[in-house]
Amino acid sequence: MSVEINFPDRNLALELVRVTETAAVAASAWVGRGDKEAADDAAVKAMRKMINTVDMSGVIVIGEGEKDKAPMLHNGEEVGNGNGPACDVAVDPIDGTTLTSNGLNGAVSVIALAPRESMLNLKGAYYMNKIVTGPEAASVIDISVPAGENVRRVAKAKGLDVSEITVVVLDRPRHDELLKELRKAGARIRLIRDGDVAAAIETARAGTGIDILMGIGGTPEGVVTAAAMRALGGVIQGQLMPQNEKERAAVKEAGHDLSKIYLTNDLVASDDVFFSATGITDGELLRGVRHTAFGAISHSLVVRGRSKTVRIIETEHRFS
């Protein structure tokens, strides 16, 4: 199902990039300082201030959320200046707070917009098993088949040998069996400590060296990824995966179906999406913030779903 709402002709993503740039620059002051709470606080405050200048009537559907008990940018919060279209908003001021605090690669700041009531709100569901790939293999993956079979399908679709396929997986004990299966299939594996939104987007970008993302990560990050995939032509499939009995009970109480496979269109039911990501630390997707004598330089990816336009933006920020 697609949701059709009269969205503006102009590219709101070019306003959104100011939001992610501001959050990324604020977070960059805390890179490697070992305090992820301070980094997140700086990014959240900066994003909150800038997001309210954007011409939209937004409601945060995916935010810092109840899980983090965030004081701002929480689910249900109204954002924007109220002078534009009615939007669902997904934000992650820092995707990779641990990466930021430890000075590791791959941390980004992200935001996505879609027409109101087109982003799925999976309240109470914190974890999701996911598979993500880019447009070349979008039609062949199936989360219900073994991981090795998905690797073989993607390799065939891309005209590559299985040994040339790289799968990115969060480095967690819960993925021990997945890693065994991928190694048995002969795939290359890249383990990441955090930041699966950036890693998922890499599957849909040429030259990153990443072909598939697999494994259990955050549900909110899955919805953000879906917005990016709608714009980039890739796909995500996901299945809710509570990690303990308390979470399982919360998911069932919310009425979510644990057997359902959520497709890209289920998570974000419109192509009329806007997405922006700005690098905080260096990664395959984006360069991190560089501090200079005059201020800072940021590097961003900006995508509009309707036109499939992708812009790579380098911005010089001059501090007074």
Side-chain angles (χ1 to χ4, degrees), residues 2 7-24 51 54 56 62 85 87-92 95-96 105-115 118-119 132-139 141 154 157-158 166 168 195-213 221-236 264-265 267-290 297-316:
S2 288
F7 243 36
D9 289 332
R10 62 193 177 80
N11 195 344
L12 265 179
L14 295 179
E15 293 188 44
L16 297 184
V17 72
R18 297 185 301 116
V19 177
T20 55
E21 285 173 348
T22 302
I51 199 173
V54 177
M56 65 175 176
I62 304 296
C87 304
D88 282 348
V89 183
V91 298
D92 198 344
D95 177 43
N105 285 2
V108 297
S109 177
V110 298
I111 187 170
L113 296 189
S118 61
M119 283 186 183
V132 185
T133 195
E136 301 94 334
S139 63
I141 61 167
V154 172
K158 290 192 164 192
T166 299
V168 65
D196 64 345
V197 172
I201 294 169
E202 288 170 11
T203 69
R205 297 291 292 156
T208 63
I210 301 297
D211 300 287
I212 319 171
L213 176 140
E221 288 83 353
V223 178
V224 175
T225 295
M229 291 300 108
R230 295 226 47 163
L232 293 168
V235 294
I236 177 173
T264 312
N265 293 0
L267 297 172
V268 179
S270 174
D271 273 331
D272 210 349
V273 296
F274 300 89
F275 178 86
S276 176
T278 300
I280 299 170
T281 60
D282 286 343
E284 299 293 341
L285 182 68
L286 293 164
R287 294 194 301 273
V289 173
R290 300 283 196 272
I297 300 173
S298 65
H299 195 234
S300 303
L301 171 78
V302 182
V303 189
R304 186 183 189 188
R306 185 193 296 176
S307 61
K308 301 295 187 287
T309 305
V310 178
R311 289 178 170 87
I312 304 297
I313 297 176
E314 183 175 277
T315 304
E316 295 183 1

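Counting begins at 1 with the first residue of the sequence.
- Each of R18, H299, E21 was evaluated against T315; a single residue qualifies, E21, per the side chain to side chain donor-acceptor pair (under 3.5 Å) test.
- Between T208 and E202, the shortest heavy-atom distance links the atoms OG1-O, 2.7 Å.
- Of the inter-residue distances, the one linking L16 atom CG with I51 atom CD1 reads 7.5 Å to the nearest 0.5 angstrom.
- Taking every heavy atom of both residues into account, A199 and L213 meet most closely at CB-CD1, 3.9 Å.
- Taking the side chain as every heavy atom from C-beta outward, L113 and V89 approach each other to under 4.5 Å.
- To the nearest 0.5 angstrom, T225 atom OG1 is 9.0 Å from L267 atom CG.
- Looking only at side-chain heavy atoms (C-beta outward), V310 and R205 come within less than 4.5 Å of each other.
- Considering all non-hydrogen atoms of both residues, M119 and D88 come closest at N-OD2, 2.9 Å.
- Here the side chain of T281 pairs a donor or acceptor atom with the backbone of G106 at under 3.5 angstrom.
- A pairwise comparison of heavy atoms in C87 and M56 identifies SG-CB, 3.9 Å as the closest pair.
- When side chains are defined from C-beta on, F275 counts as touching I201, because their heavy atoms get closer than 4.5 Å.
- Applying the side chain to side chain donor-acceptor pair (under 3.5 Å) test between T20 and each of S109, S276, S300 identifies S276 as the sole match.
- The CZ atom of F274 sits 12.0 Å away from the CD1 atom of I111 when rounded to the nearest 0.5 Å.
- The shortest heavy-atom contact between P115 and D272 is CD-O, 3.3 Å.
- Looking only at distances, no side-chain donor or acceptor of R230 sits under 3.5 Å from a matching main-chain atom of V273.
- Rounding to the nearest 0.5 angstrom, the gap separating the OG1 atom in T203 from the CD atom in E136 is 9.0 Å.
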Practice task
Could you walk me through whether R287 and E314 pass salt bridge (charged side-chain N to carboxylate O under 4.0 Å, His left out), step by step?
Solution key: CA-CA 10 Å; R287 294 194 301 273; E314 183 175 277; 2.5 Å; yes
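- In plain terms, the two heavy atoms of A226 and T264 that are nearest each other are O-CG2, 3.7 Å.
- A heavy-atom distance below 4.5 Å is not found between the side chains of V91 and V19.
- A donor-acceptor pair under 3.5 Å is absent between the side-chain atoms of D271 and the main chain of R306, judged by distance alone.
- Although no hydrogens or angles enter the test, the distance criterion places no donor-acceptor pair under 3.5 Å between the side chain of T133 and the main chain of I212.
- Checking S298 against T278 by side-chain atom types alone, no donor-acceptor pair falls below 3.5 Å.
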Handout entry: Steps toward side-chain contact (heavy atoms from CB on, under 4.5 Å) verdict (L301, I312)
Key = CA-CA 5 Å; L301 171 78; I312 304 297; 3.4 Å; yes
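- The closest donor-acceptor contact from the side chain of D211 to the backbone of T166 lies under 3.5 Å.
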